[in-house]
Amino acid sequence: MSKIFKGTKPSRRSFLRGALAGGGALAGGAAWADADPAIVEKQPWNQYLGDGVDARPYGVPSKFEEHVRRQDVPWLTADPISSVNFTPLHELDGIITPNGLCFERHHAGIAEVDPAQHRLMINGLVDRPLVFTMQDLMRFPRENHVYFLECAANSGMEWAGAQLNGCQFTHGMIHNVMYTGVPLRLLLAEAGVKTEGKWIMVEGADASGMNRSIPMEKALDDCMIAFKMNGEALRPEQGYPVRLVVPGWEGNMWVKWIRRIEVGDKPWHAREETSKYTDLLPDGQARRFTWEMDAKSVITNPSPQAPITHGPGHTVLTGVAWSGRGTIPRVDVTLDGGINWQPARMSGPSFDKSMHRFYFDFDWDGKPLLLQSRAHDSTGYVQPTKDQLRAIRGENSIYHNNGIQTWAVNEQGVAENVEIS
Ligand code: MTE
Ligand code: CO
């Protein structure tokens with residue numbers, strides 16, 4: 001916390017050495033030293049004119065933020081065309097993921113779709129098969145909602161034990177965006193769903209033609225055909241010009257570059273809901289149609305990519321939590337591996353099926369920490385430990401790992417991905 005001078009101008013000589021005088025200092029800082037050129041000398045940016053308003057017609061972050069990047073995991077990326085990269089959760093705050101940092105998952109690369117040539121078709125068990133242009137879609141009443149999208153495979157590499165060193169890699173297959181779009185129910189009503197129509201099949205226009213079955217109940221509830229994210233057009237990576245939004249349900253169902261919706265009387269049993277996105281249980285049976293994302297949370301700072309660098313004293317711990325079933329009224333935090341739990345401070349808007357931000361401000365004594373967070377959702381569901389999860393699901397799974405994450409922090413403030421039981 002820096003000292004604010006009111007009315008008097010501090011001279012170079014008047015700077016005090018040592019700690020802040022008086023109470024109220026939370027985090028120290030402001031050890032006033034006349035030797036610090038950063039405050040007593042003129043900096044380059046004081047002395048030259050900067051870029052004009054014509055220099056940056058589409059803004060990008062400061063060059064000092066260039067390390068804030070989506071990243072892939074090389075050993076997971078045999079071929080970048082059909083792979084995944086991860087959101088740098090440890091560099092973000094609040095609840096909205098900036099468009100350029102939303103993780104990407106493609107089965108056949110990024111389709112570059114011309115919106116003028118793009119069409120969305122509704123066929124199957126409907127009174128009137130319809131084909132919409134983008135302009136047609138934009139004339140339906142639209143809505144705005146903030147939702148998280150989590151790939152069902154998020155944290156999938158962690159089933160066998162602690163693997164990846166960083167919340168970007170263990171938990172970064174998630175983004176949280178404000179979508180603008182048309183409720184799917186309005187488009188289905190326009191086509192007129194026949195009484196036998198109990199399912200829809202949604203299909204993408206990319207080379208993978210990715211498709212999934214969705215029960216009609218969900219389609220008529222809160223699904224959206226979205227064309228804007230965080231106020232601007234969808235990014236090509238996220239399905240430009242139009243994608244399906246399936247709030248709270250696994251990311252694979254959120255078909256990008258959506259071009260067709262077929263209404264049927266039963267599920268299609270597509271590849272992505274049989275051979276993939278099913279979980280083999282210890283008894284040899286597989287769970288399927290596990291659409292909802294269970295409540296989950298992760299501490300983003302401190303974490304392996306974001307160690308404590310300031311030494312003992314006031315420390316800001318923060319993280320995110322979400323649930324496919326509602327809101328997150330409460331997150332607990334432990335500093336000692338689950339012996340003592342304390343409620344975190346929730347901050348920011350609490351939207352249904354959206355990410356939530358939590359903080360836990362504490363005085364670090366410089367001793368090792370075992371950090372964990374535990375989310376409670378609005379249905380009363382509590383995030384399980386990894387051991388509790390494995391007791392039911394075994395170790396064959398990839399998908400739907402929402403177990404509690406542990407970071408071990410040592411005396412130097414360095415954090416590491418560990419498991420404790
Ligand atoms: N839609 C199409 N058409 N093609 C795809 O490869 N990938 C799916 C889904 N929709 C995919 C798709 C998967 S597995 C996920 S997790 C999400 O999109 C990822 O969305 P994102 O790239 O916006 O993060
Ligand atoms: Co996915």
Side-chain angles (χ1 to χ4, degrees), residues 69-89 92 96-113 147-159 163-164 166-177 179 202-214 223-224 226 229-230 234-259 270-279 290-294 296 298 320 322 324 353 355 397-402:
R69 284 278 184 267
R70 299 190 276 226
Q71 279 190 70
D72 64 345
V73 171
W75 61 262
L76 274 175
T77 304
D79 177 356
I81 299 300
S82 175
S83 192
V84 61
N85 61 24
F86 299 86
T87 304
L89 293 174
L92 304 180
I96 296 293
T97 315
N99 289 345
L101 295 175
C102 288
F103 88 95
E104 302 167 61
R105 171 74 179 103
H106 318 300
H107 290 74
I110 303 168
E112 287 284 354
V113 176
Y147 293 123
F148 75 83
L149 178 165
E150 183 184 18
C151 179
N154 199 19
S155 315
M157 291 77 75
E158 304 292 307
W159 269 106
Q163 294 277 330
L164 296 169
C167 66
Q168 175 167 18
F169 308 113
T170 54
H171 289 74
M173 284 162 84
I174 187 166
H175 50 65
N176 199 58
V177 160
Y179 294 97
V202 286
E203 180 187 85
D206 55 332
S208 80
M210 221 204 66
N211 66 333
R212 285 289 300 250
S213 312
I214 298 176
C223 288
M224 288 169 84
M229 60 192 290
N230 294 329
L234 292 181
R235 294 288 169 89
E237 305 92 293
Q238 264 68 46
Y240 178 85
V242 64
R243 95 175 298 165
L244 183 67
V245 168
V246 192
W249 287 21
E250 62 187 19
N252 185 257
M253 306 173 91
W254 298 48
V255 167
K256 302 192 274 194
W257 314 287
I258 187 169
R259 69 159 190 175
R271 169 185 181 270
E272 303 289 310
E273 52 205 21
T274 50
S275 122
K276 305 289 181 225
Y277 300 95
T278 50
D279 299 303
T290 46
W291 302 307
E292 271 175 331
M293 299 310 292
D294 295 309
K296 187 164 166 182
V298 66
V320 283
W322 59 93
K353 299 163 189 164
M355 233 183 221
S397 284
I398 300 170
Y399 307 108
H400 296 277
N401 177 357
N402 69 322

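This structure is a prediction, so every number in the text was calculated from the model and none was measured.
Sorted by first and then second residue, the salt bridge (charged side-chain N to carboxylate O under 4.0 Å, His left out) pairs with a member in residues 168-177 form an empty list; sequence neighbours excluded.
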Please test Met229 against Arg243 for side-chain contact (heavy atoms from CB on, under 4.5 Å), starting from the C-alpha separation and ending with a verdict.
CA-CA 10 Å; Met229 60 192 290; Arg243 95 175 298 165; over 6 Å; no

Test Val84 against Met173 for side-chain contact (heavy atoms from CB on, under 4.5 Å), laying out the working first.
CA-CA 8 Å; Val84 61; Met173 284 162 84; 3.7 Å; yes

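Panel note: side chain His400, backbone Thr290; a donor-acceptor pair is recorded below 3.5 Å. Side chain of Asn176 to backbone of Thr97: no donor-acceptor contact under 3.5 angstrom is found. The backbone N or O of His171 lies less than 3.5 Å from no partner atom in the side chain of Ser155, so there is not a single donor-acceptor pair. In this structure, the side chain of Gln168 engages the main chain of Arg69 through a donor-acceptor pair within 3.5 Å. Judged by distance alone, with hydrogens and angles left aside, the side-chain atoms of Thr87 form a donor-acceptor pair with the main-chain N or O of Ile174 at under 3.5 Å. Asn252 contributes no side-chain N or O that, together with a main-chain N or O of Ala152, makes up a donor-acceptor pair within less than 3.5 Å. Using a distance-only test at 3.5 Å, with no hydrogens or angles considered, no donor-acceptor pair links the side chain of Arg212 to the main chain of Val255. Of the possible donor and acceptor atoms, none in the side chain of Lys256 sits under 3.5 Å from a partner among the backbone N and O of Gly204.
Using a 4.5 Å cut-off on side-chain heavy atoms (C-beta onward), Arg105 and Ser82 make contact. No side-chain heavy atom of Leu92 sits less than 4.5 Å from a side-chain heavy atom of Met355. Using a 4.5 Å heavy-atom cutoff, the side chains of Lys353 and Met293 are not in contact. Side-chain contact between Glu250 and Tyr399 is absent, with no heavy-atom pair separated by less than 4.5 Å. Using a 4.5 Å cut-off on side-chain heavy atoms (C-beta onward), Glu292 and Trp249 make contact. At least one side-chain heavy atom of Cys102 sits under 4.5 Å from a side-chain heavy atom of Val177.
Between the side chains of Glu158 and Asn401, no donor-acceptor pair of N or O atoms lies under 3.5 Å.
Distance check, rounded to the nearest 0.5 Å: CE of Met253 to CE of Met210 gives 9.0 Å.
Salt bridge absent: Arg235 and Glu104 never bring a charged side-chain N and a carboxylate O closer than 4.0 Å.
Residue Leu234 comes nearest to Tyr240 through the heavy atom pair O-CD1, 3.2 Å, listed as atom of the first residue, atom of the second, then distance. Between Arg70 and Gln238, the closest heavy-atom pair is NH1-OE1, 4.3 Å. The shortest non-hydrogen separation linking Ser397 to Asp279 is OG-CB, 3.5 Å. Of all heavy-atom pairs spanning Val113 and Pro241, the tightest one is CG1-CD, 3.6 Å. The shortest heavy-atom contact between Phe148 and Gly248 is CZ-CA, 4.2 Å. For the pair Val298 and Leu89, the tightest heavy-atom approach, listed with the atom from each and the gap, is CG1-CD1, 4.4 Å.
Scanning for side-chain contact (heavy atoms from CB on, under 4.5 Å) contacts around Ala270 gives Asn211, Glu273, with sequence neighbours left out. By the side-chain contact (heavy atoms from CB on, under 4.5 Å) test, Ala226 is found to be paired with Tyr179, Val245, residues two or more places apart in sequence or in another chain being considered.
In this pair, Tyr147 and Trp254 present their aromatic rings perpendicular. The plane angle is above 60°, beyond the 30 to 60° band. Classification of the Phe86-Phe169 ring pair by plane angle, with boundaries at 30° and 60°, yields perpendicular.
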